[in-house]
Amino acid sequence: MSDNLSLAHLARVLGAELRLAPGVDSRYEISGLSTLQDAGASHLAFLASAAYRRFLKNTAAGAVLVTEEFADDCPVSVLCVENPYLAFARATALFNSAPQAEVGIHPSAAVHPDAEIASSASVAAGAVVERYAKIGPNVSLGANCFVGEGAIIGAGSCLHAGAVVHHRCSLGRDCIIHSQAVIGADGFGFAHHQQEWIKIYQLGGVNIGDDVEIGANTCVDRGALGDTIIGSGVKIDNLVQIAHNVKIGDYTAIAACSGIAGSAVIGKHCALAGCSRIAGHVTIADGCTVTADTFVTKSIDSPGSYSGALPFSDSPTWRRNAVRFGRLDKMAKRLKDLEKQLEALSRHIDGEG
Amino acid sequence: MSDNLSLAHLARVLGAELRLAPGVDSRYEISGLSTLQDAGASHLAFLASAAYRRFLKNTAAGAVLVTEEFADDCPVSVLCVENPYLAFARATALFNSAPQAEVGIHPSAAVHPDAEIASSASVAAGAVVERYAKIGPNVSLGANCFVGEGAIIGAGSCLHAGAVVHHRCSLGRDCIIHSQAVIGADGFGFAHHQQEWIKIYQLGGVNIGDDVEIGANTCVDRGALGDTIIGSGVKIDNLVQIAHNVKIGDYTAIAACSGIAGSAVIGKHCALAGCSRIAGHVTIADGCTVTADTFVTKSIDSPGSYSGALPFSDSPTWRRNAVRFGRLDKMAKRLKDLEKQLEALSRHIDGEG
Amino acid sequence: MSDNLSLAHLARVLGAELRLAPGVDSRYEISGLSTLQDAGASHLAFLASAAYRRFLKNTAAGAVLVTEEFADDCPVSVLCVENPYLAFARATALFNSAPQAEVGIHPSAAVHPDAEIASSASVAAGAVVERYAKIGPNVSLGANCFVGEGAIIGAGSCLHAGAVVHHRCSLGRDCIIHSQAVIGADGFGFAHHQQEWIKIYQLGGVNIGDDVEIGANTCVDRGALGDTIIGSGVKIDNLVQIAHNVKIGDYTAIAACSGIAGSAVIGKHCALAGCSRIAGHVTIADGCTVTADTFVTKSIDSPGSYSGALPFSDSPTWRRNAVRFGRLDKMAKRLKDLEKQLEALSRHIDGEG
């Protein structure tokens, strides 16, 4: 990790065809990744979209990930691939220099004697692991994390500093839970009685699949009776609310500041852009895209793109339009009246004519 | 807790009339709660809404909480009550098997010698309690919680792992503060001076009543001069922002992702649905409902339901309508013109006629 | 701090002209700040807006910060200043009685031997500081904070309880990071491949200037390649999402619950009100104001005020208007038709006439 890598090595690992620029050796070393515009001679850059093509001819990169189509336009060595963005993603793993957790339990961690910690796991300073919790092989629990009683953290998963997984919640393999995310807090459930709220204790848990990433300060509440379920391959950004008994299908992605209300069911392979809001108990079909800042108030039966955000404008223009919105129903009625009057007038004239 | 309970015991505790199915004994044991659809023979289910009535006749539950009205339709034993949802809520407390905190101070907690900790309180691993803080009887402070100098945590209250209550903030009795909630961070106050922001130190605190629940990753800021005030019985969901000097009346509920700006005053017995946004300094009367995703920009004087969210649609349809919105003021003017022209034309024809 | 201060001292420190009420001595002591309405005889109040002028004549304050214009209307001693709100802000610093951190490293903190901690810094209980981190002079790290490998915390900065600053992120001087804020979690970046999401490791960092304040539970993600950049003097409220590679210009303020998507560039001296949403890759000019609950979907080239929130109404009225919105494009077409018909009719009549 984070050492220099030769072009030959990169080509092999990324499945790329290496086309060396004149005078360049396949042992030429790359130290990191950059954009076409910012790259220096030791950087690998990438061209993933035709929109950036104009930066290709002047790039100072050591080499560029490109498709066959643009390979000849590249003034430097080329790593020719089918999908440069995918190859770039894979290259980020090669150059990732994030600190690796040390295997073992830090002396200031508080691990209950009845918790099971794999010998290859890492438990950082201040982490707290309650009894009957199971921490799998190669798991990394960051500083001041909390894993509640009976919770299960699957092999290879990582909880960043401050992440919380409450009792009897389970994560599959290779999950990443970012800092201050809270898995398994109580769902928001109360019965109304004589104008007071009587708590419905949340008896379910949270069941998270494999290869799930959950962002910083995101909440996934435990179910009221059954579990809240997050499918495998799901990616959730920061500051997202997933309420109790929500089900999210495999490989769905949810961008930041979104909120999914209780018992909503989101299909597989959906993409919810930032600030999406999904009402309680609705169902969203597989393969749906919800564009940013859309409030989905009812179920969606078929795949497609759905929207609900208004375009902004300068404040004076906005105010004029917004005021009209408040009279839209009246405008519609006036329009209807006009249509009738005009029709009557036309008939009258025709009658005359 | 979480042991099996007999039907006779449940009937007594829930104030229900027990009507046993043929061959069933009142010592019949229930191990947990479930829905009508999912329940097995050891579960207690409930029918709280006529919408679920269709599931009643085929339920495999051991017993069902129902009203008199539906009791005869139930194929299994019945716990007959006036309000099944309320009885269900109470039953969740009976079957709640969340881990109970151990009384005492964990050796890895850092409790200042000048803090007062009731002997029946529990202070978990990694919790930090500053001087002059008062931790009441039967309080539970979760792992890695923080209670600042002079803060007061009332009897029976629970801070879940990672919750933070800053200096001189106070909680009443039986409050629940979920993980990563922050009570008493600085309100957002600055004076503008020569294009820079001069901090207004936030000298007030946060005053929280009895029986209040505050969700994970929710913020309740301290007041600038006086306190931010949360009345008794208030329930606040996850990821909610309560700004400085807000006042929230007793028994008001606020769902996730809502934000209340500074000095807003929310009445008693209000219900703010998810993603509600309340502007600064507005006042909302007792008994108001704000539906999901509504931005309340001015004060509301009388109880009722208030809304502000647009219905979404498929993206092409949405775009067509959204573009028109940007010309709504012009449309209104064209409509007005048409009305005038039509009136003139009518007069002209009448004059002719 | 938090001791009583004489009027003479306050006048000197705040640069005010002291005008004593009859019989009052310049040694008269002030114990704290309050509003004109709530102030008692030991309080200093302020009149910062003509809207509150009506409270001046009956104030029971010990003294009032006012401009020359209103000084004669004040029944008590006056501290006459050009900008009373600014003087009030400065006075809050004088009366701030927030607990001061003790210099030194708490025994329960976990500081890596290869971290550099200034001798004047304070590291509270449960804080974790990783290797190569640099903690500057007079820095205060609150309880259970986390500072990652190689992170830099500039002189005089304060991390409140539970704040997280990940590896290789840097803060300038005199920054305040509130509880549970997360600086440097991974940006949300994935390449789509065969319907799965391949993680793009986030190789950049977060670079924060001087005198920046970041609110509780706010997230500032690390960059994908380069850094996410927060300029000096920037103030960010609670529960705000700042995505990877965002750049925020100096002295810009962002209120709570806002979200800035990836690679957006916000100018200097901007003010984004609560619940602002900025789309990815857009650029906002210096000096822009975005009013509350506005979604900025495209770049803004010139300073000014921009809006996008609809006014709410009672639910029945709202529903009628919202339904019409869903037919707005059709309404526009009907309006166009009417215009054509009316024109044709007019021509017809003129032809007749």
Side-chain angles (χ1 to χ4, degrees), chain A residues 108 110 126 128 130 144 146 148-149 162 164 166-167 180 182 185-186 188 190-191 193 195-201 203 217 219 221 225-226 239 241 243 259 261 277 279 291 294-297 304-311 313 320-321 324-325 327-328 331 334-335 338 341-342 345 348-349, chain B residues 32-35 38 83 85-86 88-90 92-93 95-96 98-99 106 108 124-126 143-144 160-162 178-180 215-217 233 235 237-239 251 253 255-257 269 274-275 292-293 309-315 318-319 322 325-326 328-329 332 335 338-339 342 345-346 349:
Chain A
S108 78
V128 177
E130 298 286 18
N144 295 325
F146 175 77
E149 187 176 311
V164 166
H166 280 289
H167 59 281
Q180 318 295 25
V182 179
D186 283 348
F188 195 63
F190 302 91
H193 177 57
Q195 299 216 302
E196 301 195 12
W197 300 102
I198 309 300
K199 183 173 177 72
I200 297 172
Y201 288 85
L203 308 181
N217 281 315
C219 299
D221 278 353
L225 293 173
L239 290 164
Q241 157 73 352
R277 299 174 288 275
T291 63
T294 295
F295 179 27
V296 177
T297 46
S305 178
Y306 298 87
S307 298
L310 286 178
S313 59
R320 282 193 298 271
N321 289 323
R324 299 296 184 181
F325 177 82
R327 301 173 193 153
L328 197 50
M331 269 178 70
R334 285 163 55 198
L335 184 62
L338 273 181
Q341 289 172 37
L342 191 62
L345 195 62
H348 175 72
I349 292 170
Chain B
L33 300 168
S34 191
T35 59
D38 294 338
N83 183 344
Y85 197 59
L86 175 62
F88 161 66
R90 288 182 171 147
T92 61
F95 289 103
N96 180 25
H106 190 279
S108 78
N144 295 325
H160 284 285
H178 286 285
S179 291
Q180 318 296 25
N217 280 316
K235 309 296 177 184
D237 200 351
N238 300 339
L239 290 165
Y251 305 107
C257 303
H269 301 292
C275 300
D293 195 27
L310 287 178
F312 75 108
S313 60
D314 63 276
S315 297
W318 179 268
R319 267 192 299 270
F325 176 82
L328 198 50
D329 186 51
L335 185 62
L338 272 182
E339 288 169 336
L342 191 63
L345 195 62
S346 297
I349 291 170

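Below, chains carry the letters A, B, ... as their sequence lines are ordered, and counting in each starts from 1.
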Item to check | Residue among B:Cys257, B:Ser313, B:Ala292 with most heavy-atom pairs under 4.5 Å to chain A | outcome: B:Ser313
Checklist entry - Is the closest side-chain donor-acceptor distance between B:Asn217 and B:Gln180 under 3.5 Å? => result no
Checklist entry - Under 30°, 30 to 60°, or over 60°: which ring-plane class applies to B:Phe88 and B:Tyr85, parallel, tilted or perpendicular? => result tilted
Checklist entry - Who passes ring-ring contact (aromatic ring centres under 6.0 Å, His included) against A:His166, sequence neighbours left out? => result A:Phe146, B:His160
Checklist entry - Hey, mind stepping through B:Arg90 and A:His193 against side chain to side chain contact (heavy atoms under 4.5 Å, CB included) and telling me if it holds? => result CA-CA 11 Å; B:Arg90 288 182 171 147; A:His193 177 57; 3.6 Å; yes
Item to check | Under 4.5 Å from any heavy atom of chain B - which part of A:Thr291 | outcome: side chain
Item to check | Proximal component of B:Asp237, with respect to chain A [non-hydrogen, under 4.5 Å] | outcome: both
Checklist entry - Heavy-atom distance under 4.5 Å to chain A: side chain of B:Ala253, backbone, both or neither? => result both
Checklist entry - Do A:Arg277 and A:Val296 pass the side chain to side chain contact (heavy atoms under 4.5 Å, CB included) test, and can you show the C-alpha distance, the side-chain angles, and the key distance before you say yes or no? => result CA-CA 6 Å; A:Arg277 299 174 288 275; A:Val296 177; over 6 Å; no
Item to check | Polar side-chain atom of A:Trp197 near backbone of B:Lys235 as donor-acceptor pair, under 3.5 Å | outcome: no
Next on the checklist: Could you check whether any side-chain N or O of B:Thr92 sits under 3.5 Å from a backbone N or O of A:Tyr201, counting only pairs where one atom can act as donor and the other as acceptor?
Outcome noted: yes
Item to check | Pairs of heavy atoms under 4.5 Å with chain B: top-ranked of A:Ala191, A:Gly308, A:Ser307 | outcome: A:Ser307
Checklist entry - Which heavy atom of A:Asn321 sits nearest a heavy atom of B:Gly326, and at what distance? => result ND2-O, 3.2 Å
Checklist entry - Tell me, side chain or backbone of A:Leu345 under 4.5 Å from chain B's heavy atoms, or both, or neither? => result side chain
Item to check | Listed partners of B:Phe312 passing ring-ring contact (aromatic ring centres under 6.0 Å, His included), at least two apart | outcome: none
Checklist entry - Quick one: what part of A:Leu225 sits under 4.5 Å from any heavy atom of chain B, side chain, backbone, both or neither? => result side chain
Checklist entry - Relative to chain B, which segment of A:Asp186 carries a heavy atom at a distance below 4.5 Å: side chain, backbone, both, or neither? => result both
Checklist entry - With respect to chain B, which residue among A:His167, A:Glu149, A:Gln195 yields the maximal number of heavy-atom pairs within a distance under 4.5 Å? => result A:Gln195
Next on the checklist: Please classify the contact of B:Asp314 with chain A as side chain, backbone, both or neither, using a heavy-atom distance under 4.5 Å.
Outcome noted: both
Item to check | Interface moiety of A:Leu310 toward chain B, non-hydrogen atoms closer than 4.5 Å | outcome: both
Item to check | Portion of A:Arg320 that has a non-hydrogen atom of chain B nearer than 4.5 angstrom | outcome: both
Next on the checklist: Is there a side chain to side chain contact (heavy atoms under 4.5 Å, CB included) between A:Ile198 and A:Phe190? Walk through the geometry before answering.
Outcome noted: CA-CA 5 Å; A:Ile198 309 300; A:Phe190 302 91; over 6 Å; no
Checklist entry - If you tally heavy-atom pairs under 4.5 Å against chain A, which of B:Gly126, B:Gly274, B:Ala216, B:Ala309 wins? => result B:Ala216
Checklist entry - Based on non-hydrogen pairs under 4.5 Å, which of B:Ala98, B:Pro311, B:Ser108, B:Gly162 is most in contact with chain A? => result B:Ala98
Item to check | Option in B:Ala89, B:Cys275, B:Gly215 with maximal non-hydrogen atom pairs under 4.5 Å from chain A | outcome: B:Ala89
